[in-house]
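A short write-up of the structure that comes next.
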Amino acid sequence: MKAIKIVNGIYRVGANIENGDMFEGMWPIPHGVSLNCYVVKGEKTALIDLVRDWNDAPLTIKEQLESIPLSFKEIDYLVLNHLEPDHTGWLHDFIEENPRIEILATKKGVELAKVFSGITENIRAVKSGDILDLGDGKELVFEEVPNVHWPETMVTYEKSSRILFSCDAFGSYGSIGAAVFDDELSEEDHEFFYKESLRYYANIVSTFSTFVLKAIDKLKDLEIAMIAPSHGIIWRENPARIVSLYKDFATYMNGPALPEITVIWGSMYGHTEQVLHSVIKGIRSENVPVHIHRVPNEDVSWALADAWKSAGLVFGMPTYEYKMFPPIVYVLDVFGIKHIWNKKVFRFGSWGWSGGAQKDFEARTEKLKWEFIDPVEWNGTADKEVHERAYQRGKELAKLVKTESS
Ligand code: FEO
């Protein structure tokens with residue numbers, strides 16, 4: 001693949017990570033993820049964001065640069081919007097290829113370059129409003145957007161083209177094929193990237209939603225012709241679309257979220273699973289969309305994405321040795337870290353020789369600002385009365401989320 005020309009003098013180079021690794025070492029990426037970098041050529045040349053030495057990404061970038069043509073050695077400036085190693089892991093080796101490069105990052109970014117890569121020379125701190133004049137009409141303006149995703153993060157804006165290089169912000173999972181721009185995507189592709197943007201947001205960015213809203217507000221007066229993130233597609237035709245999506249995603253943290261319900265369940269011998277069907281029937285009787293995830297069979301990444309956007313949550317799990325079914329404990333830990341807050345919640349499950357899951361569940365979710373409806377618990381195999389109560393609770397929760405979101 002060649003470098004993609006965005007406008008005169010500005011190119012996208014990028015690599016897809018499709019080697020089966022997990023993102024951040026924990027999030028499945030079965031459809032890959034792209035690491036995008038951008039070249040801005042004036043009289044001087046800047047590269048915006050780098051890659052990690054991952055799935056041959058540096059070699060891929062090198063080959064694409066050659067199609068411009070450009071070599072690593074000819075780059076004058078390296079702008080590091082964000083120091084997380086997916087964008088900087090190859091930094092040390094890059095400097096060996098180009099020892100004269102000057103690096104620009106925020107003050108905190110400069111500190112992280114030292115910590116991660118031992119870089120202390122030819123690096124300078126920039127702050128909001130600082131401009132790097134590349135000559136020939138190309139000017140880069142920096143804007144700090146702390147905590148989108150790490151505290152040192154900034155975005156870079158090229159004035160003449162009005163392109164915003166947003167790094168993680170407005171990014172997505174999913175490899176990039178021949179279609180790089182939003183206007184080249186089919187409806188099906190857009191649906192794919194919507195899902196992968198949401199999952200990326202819930203997995204990576206959700207904790208920092210307050211900062212996402214602050215950043216969007218900070219950038220609101222900027223005339224943006226295109227958004228070029230470091231993961232995902234370039235928004236050329238409709239950059240407002242991804243800003244609006246990210247605004248919606250960020251808003252879900254404090255609500256209102258969508259009138260949907262995400263069910264996360266696990267069952268040892270099928271006694272909890274049997275009642276799951278009654279709960280789902282109850283939810284569906286109110287025509288509320290329901291997303292169902294079984295653990296530990298399925299990775300938490302997908303449940304997290306659906307839970308993030310849903311106003312209602314259901315947990316189906318038995319008691320396990322006086323406590324909750326352990327795979328749900330992990331889900332709740334992740335939900336706590338990722339700020340799955342302000343939800344309407346129902347829990348059901350069986351117990352055998354001792355209860356205890358409900359008490360454990362309430363203690364572990366105390367700080368999540370959840371509103372509970374009465375649980376349904378039973379000993380052994382559920383009878384008709386339990387099924388009926390579970391059906392009614394599913395219905396009750398569905399009604400509640402419809403009211404909450406209307
Ligand atoms: Fe794509 Fe937070 O790194």
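Whatever order the structure lists them in is the order used to number ligands and atoms, beginning at 1.
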His87 NE2 and Asp86 OD2 subtending at atom 1 (Fe) of ligand 1 (10° steps) | 90°
Please confirm if an N, O or S atom belonging to Cys167, backbone or side chain, lies less than 2.8 Å from atom 2 (Fe) of ligand 1.
-> no
Asp168 N/O/S atom closer than 2.8 Å to atom 2 (Fe) of ligand 1 | yes
Only one of Glu396, Glu260, Glu371 forms a salt bridge (charged side-chain N to carboxylate O under 4.0 Å, His left out) with Lys344, so which one is it?
-> Glu371
Atom name of the N, O or S atom of His149 nearest to atom 2 (Fe) of ligand 1 is ND1
Ion pair Glu362/Arg347, N-O distance below 4.0 Å = no
Using a strict 4.0 Å threshold on nitrogen-to-oxygen distance, state whether Lys114 and Glu111 make a salt bridge.
-> no
Answer key: the N, O or S atom of His231 nearest to atom 1 (Fe) of ligand 1 is NE2
Look at the rings of His87 and His231 and say which category their plane angle falls in: under 30° parallel, 30 to 60° tilted, over 60° perpendicular.
-> tilted
Using the side-chain hydrogen bond (donor to acceptor under 3.5 Å, both in side chains) rule, pick out the option among Tyr201, Tyr252, Trp308 that qualifies with Ser209.
-> Tyr201
Looking at Glu84, the N, O or S atom sitting nearest atom 2 (Fe) of ligand 1 is OE1
